[in-house]
Number of protein chains: 2
Amino acid sequence: MFDELCPSSLNPIRFGDKWAALVIRCLEGGPRRFSELRVPLRRVTPKVLTRSLRALERDGLVRRNVHAGRLRHVEYELTPVGRSLLEPIAVACAWTERHWDELLDARESYDDAARHDR
Amino acid sequence: MFDELCPSSLNPIRFGDKWAALVIRCLEGGPRRFSELRVPLRRVTPKVLTRSLRALERDGLVRRNVHAGRLRHVEYELTPVGRSLLEPIAVACAWTERHWDELLDARESYDDAARHDR
DNA sequence: CAGAATCCCACTCGATACTG
DNA sequence: CAGTATCGAGTGGGATTCTG
């Protein structure tokens with residue numbers, strides 16, 4: 001899922017925006033700071049990551065906690081509702097894992113047939 | 001899911017393009033013709049429905065059968081792989097049904113707070 | 001009947017640069 | 001550190017009209 005060679009854009013199942021599912025899985029192990037999220041999600045620009053987090057926050061799936069101090073830091077964590085999304089995500093991942101090869105094969109032969117028709 | 005008052009665009013879980021999940025559920029009961037699909041999916045223009053069906057066909061989720069004759073007609077039906085998608089879809093639907101109200105409430109209070117901050 | 005052609009809008013995503 | 005500002009490209013969806 002975090003593999004660049006396996007772009008999730010090919011996956012027929014999506015949760016929220018492009019990065020939402022990844023963000024949720026990154027928060028599975030507990031609260032994470034913005035810059036901590038940027039490590040596994042280094043392909044996401046801060047602006048886009050922020051928007052994704054805001055959307056999740058708006059839906060009550062993620063809670064945003066600001067810790068003021070000398071060096072301010074912000075933590076994001078899953079709410080119970082957000083955590084409950086892990087189950088459908090896991091089901092979707094299992095489906096994709098089981099049918100990924102069939103999907104790729106189907107696309108290949110479809111595209112081949114289309115190319116032959118021209 | 002087919003309700004206009006419940007736009008699936010608010011649903012955080014999506015399968016394929018905007019109409020894919022609906023198409024799949026329409027095909028659950030057996031093969032359907034293009035114009036039959038257009039009845040429950042009357043909000044979808046033919047072009048968009050065609051594109052959605054083609055995408056599903058490309059992924060091997062739907063099979064397209066052309067019956068030539070005096071009056072030509074085309075039938076679409078789920079492949080076994082397509083049918084297997086019904087399970088993740090059902091899980092997603094169950095999740096949404098269970099958390100829909102929380103989602104709406106969260107959005108409302110988030111938007112209220114945002115409006116108050118300005 | 002089952003689409004294809006054309007045009008267009010809105011929105012998402014991303015790159016880059018900047019800031020309290 | 002945790003974002004915001006700006007700009008640009010690409011994509012998806014839709015309205016309308018036409019066709020083998």
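Letters A, B, ... are given to chains in the order of the sequence lines, protein chains preceding strands, and every chain is numbered from 1.
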To the nearest angstrom, how far is [X] atom [atom1] from [N] atom [atom2]?
{"X": "Arg43(B)", "N": "dA15(D)", "atom1": "CZ", "atom2": "C1'", "value": "16 Å"}
{"X": "Leu49(A)", "N": "dC13(C)", "atom1": "CG", "atom2": "P", "value": "12 Å"}
{"X": "Leu22(B)", "N": "dG13(D)", "atom1": "CG", "atom2": "P", "value": "13 Å"}
{"X": "Arg32(A)", "N": "dG3(D)", "atom1": "CZ", "atom2": "P", "value": "16 Å"}

- Message: If I take atom CD1 from residue Ile13(B) and atom OG1 from residue Thr96(B), how far apart are they, to the nearest 0.5 angstrom?
- Response: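 Separation between the atoms: 4.5 Å.
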
- Item | Trp19(B) side, atom CH2; Arg43(B) side, atom CZ - distance, nearest 0.5 Å |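 Trp19(B) atom CH2 to Arg43(B) atom CZ measures 4.5 Å (nearest 0.5 Å).
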
- Message: Could you report the tightest heavy-atom contact between Asn65(A) and Glu77(A), atom names first, then the distance?
- Response: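 Shortest heavy-atom contact: ND2-OE2, 3.3 Å.
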
- Item | Donor-acceptor pair, side chain of Thr79(A) and main chain of Gly60(A), under 3.5 angstrom |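 Side chain of Thr79(A) to backbone of Gly60(A), a donor-acceptor pair under 3.5 Å: yes, one is there.
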
- Task: Ignoring hydrogens and angles, state whether a donor on the side chain of Arg32(A) or Tyr76(A) is under 3.5 Å from an acceptor on the partner side chain.
- Result: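 The criterion, which ignores hydrogens and geometry beyond distance, is not satisfied for Tyr76(A) and Arg32(A).
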
- Using 30° and 60° as the class limits, which term best fits the ring planes of His67(B) and His73(B): parallel, tilted or perpendicular?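 His67(B) vs His73(B) ring planes: parallel.
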
- State whether Thr45(A) places a side-chain N or O below 4.0 Å from either non-bridging phosphate oxygen (OP1 or OP2) of dA15(C).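 Checking Thr45(A) against dA15(C): no side-chain N or O falls below 4.0 Å of OP1 or OP2.
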
- Task: With the side chain of Arg54(B) defined as its heavy atoms from C-beta on, choose the nearest nucleotide among dA15(C), dA2(C), dG3(C).
- Result: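 The answer is dG3(C).
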
- Listed in order of residue number, which residues of residues 62-76 of chain B have a non-hydrogen atom at under 4.0 Å from DNA chain C?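 The answer is Arg64(B), Arg72(B), His73(B), Val74(B), Tyr76(B).
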
Identify each atom pair where a protein N or O and an N or O of nucleotides 7-12 of chain C are less than 3.5 Å apart, giving names and distance.
none

